[in-house]
Structure formats: C-alpha cells, structure tokens
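To keep things clear, I will list the structure first and then write my remarks on it.
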Amino acid sequence: MSSELLVLLPVAFIAGIINAAVGGGGLITMPTFYSTLPHFTPAEIMGIDKCSSVMGHLMSIKQFTARLRLPWTLILPTAISAVIGAYTGIRLLDFMPSDWMRPIVIVVLAIMLAYTWFKPQFGHSDTSREPTRGDLAKGILLGFAIGFYDGFIGPGTGSFLLFLFIRFFHFDFLRATACAKVVNFGTNFSTLFFLIPHGLIHYDIAIPLGISAICGSLVGVRVALQGGNVWIRRLFLILAATLLIKLLWETLH
C-alpha cells in the first residue's frame with residue numbers, strides 16, 4: 001500500500017460518515033487530496049474524489065431507502081435536472097474560472113446559515129405534502145442550479161441540497177438528508193461521464209478510497225438515524241460555517 005493511501009483511507013472514511021449524515025465531506029477530502037497528491041492535476045483530483053464519493057453515496061442511499069419513505073416523484077426529476085446541471089458546470093470549467101462565482105456563493109451561504117441558526121424549529125418536523133406541479137418545477141430549477149454548482153465549484157453541495165429540501169419542500173432534516181443523497185449521487189455520477197473518457201480517474205487510488213467511503217457511509221447513516229433531526233441540524237450548522245470560513249479565506253488570500 002502506498003504512503004498516500006495510508007493518509008487518504010482514513011480521510012475517505014471520515015468523509016463517508018459526514019456525507020451520509022449531512023453532506024459536505026468534500027470539505028476535508030479535497031484539501032487533503034491537494035496536499036497529499038501534489039503531482040496530480042485538479043481534474044485528476046476531482047476524478048478521484050467524485051469516483052469515491054459516488055460509491056459512498058450509493059451505499060448511503062441503499063441504507064436510507066430501506067428505512068425511510070422517499071418522494072420519488074419529486075426526487076427523480078430533481079436528480080435528472082441536477083445531472084444535466086453538473087455536466088454543464090464541469091464542461092464550462094474548461095472555458096472560464098470558477099472564482100467569479102465565489103462571492104455569490106458566500107452571500108447565499110451566509111444567508112442560509114443565518115436563516116437556520118435563527119429559526120430553531122427549521123427542519124424540526126416534516127410538514128411535506130404530495131408534490132404538486134409547482135413543486136416539480138421548483139425541484140427541476142433548483143436541481144439544475146445545485147448540479148451546476150457541484151460541477152463548477154463542488155464542496156458543500158450536500159449542505160445546499162439539505163437546506164433547499166427543507167426550505168422549499170418542508171421536509172425534516174432526516175428526510176431531507178436522504179433526499180439530498182439521491183440528488184448528490186446524480187451530480188457526482190454525471191461528472192464521471194466527462195472524467196472517465198478523458199482518463200482523469202486513477203482507479204488504483206479511487207477504488208480503495210471508495211471502499212473506505214462505503215464503510216464510512218454505513219456509520220454515517222446510523223448516526224443520522226439515531227441522532228435524528230437535532231444532531232443533523234447541529235452537524236449542518238458546523239459544516240455550513242466551515243464552508244463559509246473556507247470560501248472567505250480563499251477569497252481574501
């Protein structure tokens with residue numbers, strides 16, 4: 001086993017836990033990948049991250065769907081739209097830098113964080129309904145926007161999805177987490193359609209990390225189910241604050 005894998009396997013495991021429980025595992029994997037694999041290009045690092053994330057997300061979806069009833073009539077159109085958005089985002093990344101979008105993301109993230117912090121009952125209970133045509137339209141639009149963000153920038157996609165499923169469709173944190181996993185799987189999977197044909201995935205690293213992420217997702221789903229909405233809300237606030245600090249730091253330096 002290479003020395004890089006000795007460092008990256010535990011990180012992938014922890015990221016698998018975070019991704020399954022609340023989303024945002026990329027906040028720890030991407031910086032670690034860049035520091036541990038300095039000879040890899042950004043696209044190759046994204047390939048490793050997306051491939052391993054897809055494996056972890058797939059396991060968490062399996063675990064959640066075995067325990068929760070999910071609104072597939074809403075999730076599937078949202079996921080398909082997110083797939084298209086993610087593919088669009090990663091293709092656009094070839095032609096223009098993502099830095100111009102960072103200030104917008106910072107403002108949106110700050111609003112999202114403040115809204116959740118000052119509304120303690122936000123996501124506490126599930127008051128959702130059968131999806132209407134208006135809900136489906138919102139899902140498609142939001143799915144494309146979040147998918148585009150995932151392909152164009154990346155980290156924090158799961159947290160944005162979690163917030164939007166609660167805010168616009170009135171799920172509780174637990175059910176929103178499960179729904180977000182399906183859409184996030186779609187966005188990550190769609191980027192592979194670009195990365196694989198271009199030979200940007202190092203399978204000797206991505207596959208072991210994916211197995212580690214699968215193990216982490218088993219733990220993460222258990223944490224989410226046992227901790228319930230209170231713990232997921234706390235984790236969400238921590239992850240959202242961490243992402244905001246990270247983006248501010250990168251913007252100011």
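By the criterion of side-chain heavy atoms lying less than 4.5 angstrom apart, applied directly or through intervening Ile, Leu, Val, Met, Phe, Trp or Tyr residues, Ile201 is grouped together with Phe189 in one hydrophobic cluster. Placement of Ile106 and Leu113 within a single hydrophobic cluster is found when ILVMFWY residues are connected by side-chain heavy-atom separations under 4.5 Å, directly or transitively. Tracing side-chain contacts under 4.5 Å through hydrophobic residues (I, L, V, M, F, W, Y), one never reaches Leu141 starting from Tyr87; they form parts of separate clusters.
Proximity of a side-chain donor or acceptor of Arg233 to a complementary backbone N or O of Thr116 within less than 3.5 Å is detected. A donor-acceptor pair is defined here as one N or O able to donate and one able to accept, closer than 3.5 Å; no such pair exists between the side chain of Ser217 and the backbone of Ala20. With hydrogens and angles ignored, the 3.5 Å screen pairs no side-chain donor or acceptor of Asp150 with any backbone N or O of Thr157. Within the 3.5 Å criterion, the main-chain N or O of Phe173 finds a donor-acceptor partner in the side chain of Thr177. No side-chain donor-acceptor contact under 3.5 Å links Gln226 to the backbone of Val223. Formation of a donor-acceptor pair under 3.5 Å by the Ser81 side chain with backbone atoms of Ile140 is found in this model. When atom types are taken as modelled, the side chain of Arg222 and the backbone of Leu218 share no donor-acceptor pair closer than 3.5 angstrom. Side chain of Lys181 to main chain of Met59: no donor-acceptor pair is present (N/O by atom type, distance under 3.5 Å, no hydrogens or angles).
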Between Ile196 and Tyr203, does the side chain to side chain contact (heavy atoms under 4.5 Å, CB included) criterion hold? Intermediate values first, please.
CA-CA 10 Å; Ile196 291 175; Tyr203 296 101; 3.7 Å; yes

Is there a side chain to side chain contact (heavy atoms under 4.5 Å, CB included) between Phe64 and Val182? Walk through the geometry before answering.
CA-CA 10 Å; Phe64 275 122; Val182 178; over 6 Å; no

Show, in sequence, the C-alpha distance, side-chain angles and deciding distance for Thr187 and Ile146, and conclude whether the side chain to side chain contact (heavy atoms under 4.5 Å, CB included) test is met.
CA-CA 9 Å; Thr187 60; Ile146 294 298; 5.5 Å; no

Evaluate side chain to side chain contact (heavy atoms under 4.5 Å, CB included) for Glu44 paired with Thr41, printing each intermediate quantity in order.
CA-CA 5 Å; Glu44 289 173 324; Thr41 66; 3.2 Å; yes

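Other residues, nucleotides and ligands place more than 12 heavy atoms under 6.0 Å from the CZ atom of Phe40. Within a 6.0 Å radius of CZ in Arg234, more than 12 heavy atoms belonging to other residues, nucleotides or ligands are found.
The aromatic ring centroids of Tyr149 and Phe160 lie less than 6.0 Å from each other.
Met46 has its side chain out of reach of Leu200: every pair of non-hydrogen atoms, C-beta onward, lies at least 4.5 Å apart. Counting heavy atoms from C-beta on, the side chains of Phe148 and Ile84 never come closer than 4.5 Å.
When all heavy atoms are compared, the tightest approach of Cys179 to Leu70 is SG-CD2, 4.2 Å.
The aromatic rings of Phe165 and Phe169 sit tilted, their planes meeting at an angle between 30° and 60°. In this pair, Phe163 and Phe236 present their aromatic rings parallel. The plane angle is below 30°, not in the 30 to 60° band.
In this structure, a donor-acceptor pair under 3.5 Å is present between the side chains of Thr29 and Asp49.
Rounding to the nearest 0.5 angstrom, the gap separating the CD1 atom in Ile166 from the CE atom in Met112 is 10.0 Å.
Electrostatic pairing of Arg175 and Asp172 does not count as a salt bridge here, judged by no charged N lying under 4.0 Å from a carboxylate O.
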